[in-house]
Amino acid sequence: MSSSAPSPLLRITAVAAACAVSMALVGAWSGGLAPGPRIAVLAVSAFVLAAVGAAVALRALARSERERTRLREQADDARALRDAVMDITPVGFAFYDRDLKYVHVNAALAAMNGLPVQAHLGRHVSEVLPALGTALAPRLGRALESDAPLQDLSLQVETPAAPGETRFWFGSYSRVRGAGGAVLGVIASLSEVTERMRAEASLQEQEGRLDVLTRSLPDYLWGGKLRDGVLRDFYCTPVIERTTGYPASAFTGGGPEGTPSPLWAEMIHPEDRARYRECIESLALAPSTEVEIEHRIICADGRVRWVRSRAAASGLDDRGGVHLGCVVTDITDRRLADELRQRLNDSFRRSATEWRRTFDAVSSPLLVLSADGIIHRLNDAARVLFREADPSGQPLAATAGAPPWSSAGPLVEELRATHGSASRQVHDAESGRTWELAAAWVDEQASEDPRIILVATEVTRLLELQAHVRRGETMAAMGAIVAGVAHEVRNPLFSISAVVDAVEATYGTQPELKPYLDVLRGEVRRLTHLTQELFEYGRPTRGEWTDGAVGPVVAEALSACALTGDKASVKLTRELPDALPPVRMDSRRLFHVFRNVVENAVQHSPQGATVHVTAEAVEEAGRPWVRCTVHDGGPGFKSEDLPHVFEPFFSKRRGGTGLGLSIVQRILEEHQGRIRLSNHPQGGAEVTILLPALPPAVIAGPLPKSQVS
């Protein structure tokens, strides 16, 4: 029904009033009529008006009944709609009268209470659930007294729906008034927020833990959104103050949209800013990635510290930005430790290099062995003795064929037993070299890895020098005696030779004297030759030293021996290269050496034999030499004679003086040369002469006597 339509009562009243007015008008009009007609007119008018009024009244009542029916239907529809809405909503609704009794309860609230709907209706709130009623009644009472809605989050209840478990409800209460303004009751809206409260409590707990964790860590964190190269919504943890000396508030709230204050960029060391910015901005180009950079920051007190920033980015959002998160770790101590370690490593490396160079610079061969005889280290001089092979890691016993180490086994075994030091002299027959081996056991305090230091000192030249000195002293003494004897014998020989010549001139025609004169003359010649050799043996060392090739001297000696070879029917052959290195020599005395050796070879060779002479450049014991070899076709040397062939006056050849090889040896010693005697595998004797070759830089000059070895 429209709000402007009059009610049925008003319509009936209006009709009655109209009838009354009509009767009054009829009465007034009929006042001039006779009583009979007037009564009839009034009666008819009353009947007509009554009939019309009754009809109007009946019609108004019918319409009023229809309106009430429609209103009841609308009310029922509204109630049904209300009930449907309240039943399907997840929020609990209840309507209480002024006595706080349940008038209506929806299904959601009944389920929250754990009771059916009918168990609520008409009952006081405290009767349904005493615990809930005790907490809820005061709130409903306050709502009945106030027109303002009430809300609270502090409603904690325990219901049959969840026995033994405290639930949290959010309540909203509002007073309800009727059409006349009378208070009808209060409506309550109740929703369960248990999970939300628990989530909030858990979130608060997690935030508390995260806060404790971030405060306990030495690292600080920062984050924000990077969009269009600008960092927005910036935040950082308070721990940043420990590292930088600046509070977190110094970096936040410095610009629009939550951009950090300029201090954030100024804190990065000027030399690292471009690299740092490029690294962070690269995350916008490659979302969902991580980057790491080590850089410097300037702290509040001006100190410079090293930090490592490890940043990660999320995927792009709808505005093309990425969310950044970065963990910053102070690595100053690590960097200082790394720098110190690097300096120590460099120092150790330099020390090791210096030690290695010093170790390798030692001229004496050195071996460092472990306690069980394994070669741990060796210097360059020792490596040369191994023919440039590296025996590191091999046992000393495996060095057979590498003198003098192959002879050091007994010495090492002695040290392992005594833990002291020892030395011994070893000789290598193949190379003719003699070594002084010294070994020491090195066991530092608190060391579990003792070492054996093995040092080899070649004493070959020292022994040769000592022998040379002894021979020199002997030869000097003998030379003085021999020279004196030769001088004393020379004059009588001259007299005897003169007498023989005079007798031969006077009595040479007598045949019976000729045999005696021949014997006398032969003996005089033999004594004269002996005198000459005695003079040569006892002559002081003097000479004219020059630098030149030895080939011409050998060739001249061969030419001088050609007549002797022809007489003995012995052939002389030669192989003398033109490109021999020069030697320091006294050519006159060196000529005597080769002539003596070749003559001996011819004298010991049978008729038809060949004496072969060769010369070549060789290297022995690390030194260059010119080696000359004279090989004859004779019987060779007897083994028992070899130790004595250089002794003065030792000779197995009839008519020999025994001074030839002694003189040869003395002359070669003056030239720092060597002579070796041996038997050739194919027969015959072989004499090898070694003369030291000069390097290209050596300048010719007199050779000091002290250099003779």
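Along the sequence shown, residues are numbered consecutively beginning with 1. The shown structure was predicted, so the numbers you read here are calculated from the model rather than taken from an experiment.
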Enquirer: Please check if the side chain of Asn106 supplies one atom and the backbone of Val91 the other of a donor-acceptor pair under 3.5 Å.
Expert: yes

Enquirer: Would you confirm whether Thr243, through its side chain, and Ile240, through its main-chain N or O, come within 3.5 Å as a donor-acceptor pair?
Expert: no

Enquirer: Before giving the answer on side-chain contact (heavy atoms from CB on, under 4.5 Å), spell out for Leu437 and Val455 the whole-Å C-alpha distance, their side-chain angles and the decisive distance to 0.1 Å.
Expert: CA-CA 6 Å; Leu437 288 179; Val455 183; over 6 Å; no

Enquirer: Please tell me whether Asp338 and Gln342 have a donor and an acceptor in their side chains that are separated by less than 3.5 angstrom.
Expert: no

Enquirer: Evaluate whether atom CD of Glu278 has more than 12 neighbouring non-hydrogen atoms of other residues, nucleotides or ligands under 6.0 angstrom away.
Expert: no

Enquirer: Whether the side chain of Asp97 engages the backbone of Asp99 through a donor-acceptor N/O pair (distance < 3.5 Å, no angle test) should be reported.
Expert: yes

Enquirer: Considering all heavy atoms of both residues, which atom of Ala137 and which atom of Leu100 are nearest to each other, and what is their separation?
Expert: O-CD1, 4.0 Å

Enquirer: Would you call Glu195-Arg198 a salt bridge at under 4.0 Å N-O?
Expert: yes

Enquirer: What's the shortest heavy-atom distance between Ser309 and Val328, and which atoms?
Expert: OG-CG2, 3.8 Å

Enquirer: The criterion is side chain to side chain donor-acceptor pair (under 3.5 Å); which residues satisfy it with Glu354, sequence neighbours excluded?
Expert: none

Enquirer: Going by heavy atoms in the side chains, are Val412 and Trp441 under 4.5 Å from each other?
Expert: no

Enquirer: Write down the atom of Gly133, the atom of Pro138, and the distance for their closest heavy-atom approach.
Expert: O-CD, 4.2 Å

Enquirer: Less than 4.5 Å apart, side chain to side chain, heavy atoms only: is that true for Phe93 and Leu109?
Expert: no

Enquirer: Any chance you could measure Tyr102, atom OH, to Leu121, atom CG, to the nearest 0.5 Å?
Expert: 10.0 Å

Enquirer: Would you say Ile453 and Val368 make side-chain contact, with heavy atoms under 4.5 Å?
Expert: yes

Enquirer: Counting heavy atoms not belonging to Phe348, are there more than 12 under 6.0 Å from its CZ?
Expert: no

Enquirer: Does Arg177 have more than 12 heavy atoms from other residues, nucleotides or ligands lying within 6.0 Å of its CZ?
Expert: yes

Enquirer: What is the distance from atom CZ of Arg335 to atom CH2 of Trp306, rounded to the nearest 0.5 Å?
Expert: 4.0 Å

Enquirer: If you round to the nearest 0.5 Å, how far is SG of Cys299 from CG of Asp330?
Expert: 7.5 Å

Enquirer: Please identify each residue that fulfils side chain to side chain contact (heavy atoms under 4.5 Å, CB included) with Glu339, with sequence neighbours left out.
Expert: Leu336, Arg343

Enquirer: Looking at every non-hydrogen atom in both residues, tell me the closest pair between Ile298 and Pro270 and how far apart they are.
Expert: CD1-CD, 3.9 Å

Enquirer: State whether the side chain of Thr332 and the backbone N or O of Arg305 hold a donor-acceptor pair below 3.5 Å, judged by distance alone.
Expert: no

Enquirer: Any side-chain donor-acceptor pair under 3.5 Å between Asp219 and Thr329?
Expert: yes

Enquirer: Let me know which of Arg308, Arg334, Arg310 forms a side-chain hydrogen bond (donor to acceptor under 3.5 Å, both in side chains) with Glu294.
Expert: Arg334

Enquirer: With Arg277, which residues qualify under side chain to side chain donor-acceptor pair (under 3.5 Å), at least two apart?
Expert: Glu281

Enquirer: Taking it one step at a time, do Phe251 and Phe234 satisfy ring-ring contact (aromatic ring centres under 6.0 Å, His included)?
Expert: CA-CA 8 Å; Phe251 304 105; Phe234 178 80; 7.2 Å; no

Enquirer: Does any non-hydrogen side-chain atom of Thr457 lie less than 4.5 Å from one of Leu462?
Expert: no

Enquirer: Hey, are the side chains of Leu155 and Arg139 touching, using non-hydrogen atoms and a 4.5 Å cut-off?
Expert: yes

Enquirer: May I have the step-by-step check of side-chain contact (heavy atoms from CB on, under 4.5 Å) for Tyr96 and Leu144, ending in yes or no?
Expert: CA-CA 10 Å; Tyr96 306 88; Leu144 285 172; over 6 Å; no

Enquirer: Quick one: do Trp264 and Thr252 satisfy side-chain contact (heavy atoms from CB on, under 4.5 Å)? Show the steps, please.
Expert: CA-CA 9 Å; Trp264 180 254; Thr252 57; over 6 Å; no

Enquirer: State the NE2-CD1 distance between His419 and Ile452, to the nearest 0.5 angstrom.
Expert: 8.0 Å

Enquirer: Provide the closest heavy-atom pair for Leu411 versus Ser423 in the form atom of the first, atom of the second, distance.
Expert: CD1-N, 3.9 Å

Enquirer: Look only at the side chain of Arg273 and the backbone of Glu266, and say whether a donor-acceptor pair between them is shorter than 3.5 Å.
Expert: yes

Enquirer: Rounded to the nearest 0.5 Å, how far apart are CZ of Arg167 and CG of Leu132?
Expert: 13.5 Å

Enquirer: Is it true that a side-chain atom of Asp233 and a backbone atom of Lys225 form a donor plus acceptor pair closer than 3.5 Å?
Expert: no

Enquirer: Can a donor-acceptor pair be found, under 3.5 Å and without considering hydrogens, that links the side chain of Thr434 to the backbone of Val459?
Expert: no

Enquirer: For Leu136 and Trp169: C-alpha separation, side-chain torsions, deciding distance, then whether side-chain contact (heavy atoms from CB on, under 4.5 Å) applies.
Expert: CA-CA 11 Å; Leu136 193 57; Trp169 286 0; 6.0 Å; no

Enquirer: Please answer whether the main-chain N or O of Tyr276 pairs with a side-chain N or O of Asp272 as donor and acceptor at a distance below 3.5 Å.
Expert: no

Enquirer: What closest approach, in Å, do Ser174 and Ala143 show between heavy atoms, and which atom pair accounts for it?
Expert: N-CB, 4.5 Å

Enquirer: Is it true that atom CZ of Arg357 has more than 12 heavy atoms of other residues, nucleotides or ligands lying nearer than 6.0 Å?
Expert: no

Enquirer: Tell me if a side-chain donor or acceptor on Thr159 pairs with a main-chain N or O of Met112 at a distance below 3.5 Å.
Expert: yes

Enquirer: Pro260 versus Trp222: any side-chain heavy-atom pair under 4.5 Å?
Expert: no

Enquirer: To the nearest 0.5 angstrom, please state how far the CD atom of Glu290 sits from the SG atom of Cys326.
Expert: 10.5 Å

